[in-house]
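Quick notes on the structure that follows.
Atoms within each ligand, like the ligands themselves, are counted from 1 in listed order. All values below were derived from every heavy atom in this structure, side-chain atoms included, with hydrogens, water molecules and symmetry-related copies excluded.
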Amino acid sequence: MAYDYYASGAEDQWTLEENRNAFARILFRPRILIDVSKIDMTTTILGFKISMPIMIAPTAFQKMAHPEGEYATARAASSAGTIMTLSSWATSSVEEVASTGPGIRFFQLYVYKDRNVVAQLVRRAERAGFKAIALTVDTPRLGRREADIKNRFTLPPFLTLKNFEGLDLGKMDEANDSGLASYVAGQIDRTLSWQDVKWLQTITTMPILVKGVITAEDTRLAIQAGAAGIIVSNHGARQLDYVPATIMALEEVVKAAQGRVPVFLDGGVRRGTDVFKALALGASGIFIGRPVVFSLAAEGEAGVRKVLQMLREEFELTMALSGCTSLKEITRNHIVTEWDAPRARPAPRL
Ligand code: FNR
């Protein structure tokens, strides 16, 4: 049940496969004979300096993967010098995660019908030192995840949604289908709209990243509504099936953002080459979801450290072999996509 919850996507899981396949269709145009003896992967995200443009996406219920759950992830992220995003549906509270020590952390927000619950939670995250809100906007209802329906997925009885424990919303009841889908239907606000993005700014000083944008239209609306950044995400292919892979949607969003806010990407990033491709298409950084829960399950904190280290090393190697010594040297000309195919093909013989 736990594995299926982590691994699966919505319905036919077409988007789940496509999130990976689309990366494989992007090829490199590496440059040679450039001194790559020193490679700088550092970057600044919303004013915070981090060691690499590889960050941790929010994934729920991490104690289902490992007893240390979010504690382990927080420690691994902070020792790698990068950002962790804590899920609203974490099995450790914002205060507990803060107690693991220093680290730059973002808080992912699901907006509940009861706005007092939301306001209270945002205040707690702010007080616990979280630096930004990642507002998830692609989940007015839960996607149809058939593995969870078949398994009648519910949170194991020894775990709770820790952030909501004191608010009496910490338990997920069993249901005839997915317990999580029922929980969402009962608690999450389907009326959420752009007005609420503005409302959120009245209750917090934290910058707001809108997570789940995949079109130019919504990019423009997000910027108008005051978003500090955009996360191109299809929720790891767990919401609407047959949306494009995020790497296919990225450039449209980047163009619409016109450099006014940073654009990030998550979905299917499994290799250093994927990170490079996303940056070449204009992303300021990427987030990983499943690699964290799987590495947690395998080895706890050491596992997450290892995943971050592997991606870091692969990304560094990709930069070196492409002739880039810093992130700003990664350009659109370092890759070729199928939508610029005419440029890539040799000129026809006359
Ligand atoms: C998620 N995701 C997610 N997103 C969010 O905003 N709040 C959440 O609680 C969760 N929970 C969650 C659980 C699991 C098991 C997965 C796989 C995903 C989506 C997540 O933040 C991110 O968008 C994707 O995981 C990125 O895709 P990859 O890296 O898993 O391919």
Item to check | Per-atom contacts, ligand 1 versus R290 - under 4.0 Å to a heavy atom | outcome: 17 (C), 28 (P), 29 (O), 30 (O), 31 (O)

Checklist entry - Does R20 have a non-hydrogen atom less than 4.0 Å from ligand 1? => result no

Checklist entry - Does atom CZ of R31 have more than 12 heavy-atom neighbours from other groups under 6.0 Å away? => result no

Item to check | Per-atom contacts of ligand 1 with Q108, taking only distances under 4.0 Å to non-hydrogen atoms | outcome: 5 (C), 6 (O), 7 (N), 8 (C), 9 (O)

Checklist outcome for this item: protein heavy-atom neighbour closest to atom 7 (N) of ligand 1 works out as Y110 OH, 3.1 Å

Checklist entry - Hey, which atoms in ligand 1 end up nearer than 4.0 Å to a heavy atom of K211? => result 4 (N), 5 (C), 6 (O), 19 (C), 20 (C), 21 (O), 23 (O)

Item to check | Top protein contact for atom 1 (C) of ligand 1, by heavy-atom distance | outcome: P58 O, 3.7 Å

Item to check | Heavy atom of the protein closest to atom 29 (O) of ligand 1 (residue, atom name, distance) | outcome: G289 N, 2.9 Å

Checklist entry - What protein heavy atom is closest to atom 11 (N) of ligand 1, reported as residue, atom name and distance in Å? => result A60 N, 3.1 Å

Checklist entry - Relative to W339, does R25 satisfy both conditions: NZ or CZ under 6.0 angstrom from the six-membered ring centre, and within 45 degrees of the ring's axis? => result no

Item to check | F28 and F276 aromatic centres sub-6.0 Å | outcome: yes

Checklist entry - Quick check: does any side chain N or O of E18 sit under 3.5 Å from a backbone N or O of T15, one acting as donor and the other as acceptor? => result no

Next on the checklist: Take a 6.0 Å sphere around CZ of R260 and say whether it holds more than 12 heavy atoms from other residues, nucleotides or ligands.
Outcome noted: no

Item to check | R270 and ligand 1 - part of the residue with a heavy-atom distance under 4.0 Å | outcome: side chain

Item to check | For atom 22 (C) of ligand 1, the protein heavy atom that lies nearest, with its residue and separation | outcome: D266 OD2, 3.3 Å

Checklist entry - Under 4.0 Å between a Lys/Arg side-chain N and an Asp/Glu carboxylate O for D241 and R144? => result no

Next on the checklist: Suppose we measure from atom 6 (O) of ligand 1 to each protein heavy atom; which comes out shortest, and what is that distance?
Outcome noted: T136 OG1, 2.6 Å

Next on the checklist: Under a 3.5 Å distance rule, please check whether H66 uses its side chain to pair with a backbone N or O of E68 as donor and acceptor.
Outcome noted: yes

Item to check | Contacting atoms of ligand 1, where contact means under 4.0 angstrom from a heavy atom of S233 | outcome: 23 (O)

Item to check | Best match, A57, G267, P291: closest heavy atom to atom 27 (O) of ligand 1 | outcome: G267

Checklist entry - Would F61 and Y5 count as a close aromatic pair, with their ring centres under 6.0 Å? => result yes

Checklist outcome for this item: re atom 19 (C) of ligand 1, the protein heavy-atom contact at minimum distance is H235 CD2, 3.5 Å

Checklist entry - With a cut-off of 6.0 Å (strictly less than), are more than 12 heavy atoms of other residues, nucleotides or ligands near CZ of R20? => result yes

Checklist entry - Okay, side chain of S88, backbone of Y110: is any donor-acceptor separation there less than 3.5 Å? => result yes

Checklist entry - Quick one: which ligand 1 atoms are inside 4.0 Å of a heavy atom on Y5? => result 13 (C), 15 (C)

Checklist entry - How far is atom 9 (O) of ligand 1 from its nearest protein heavy atom, and which residue and atom is that? => result S87 OG, 2.7 Å

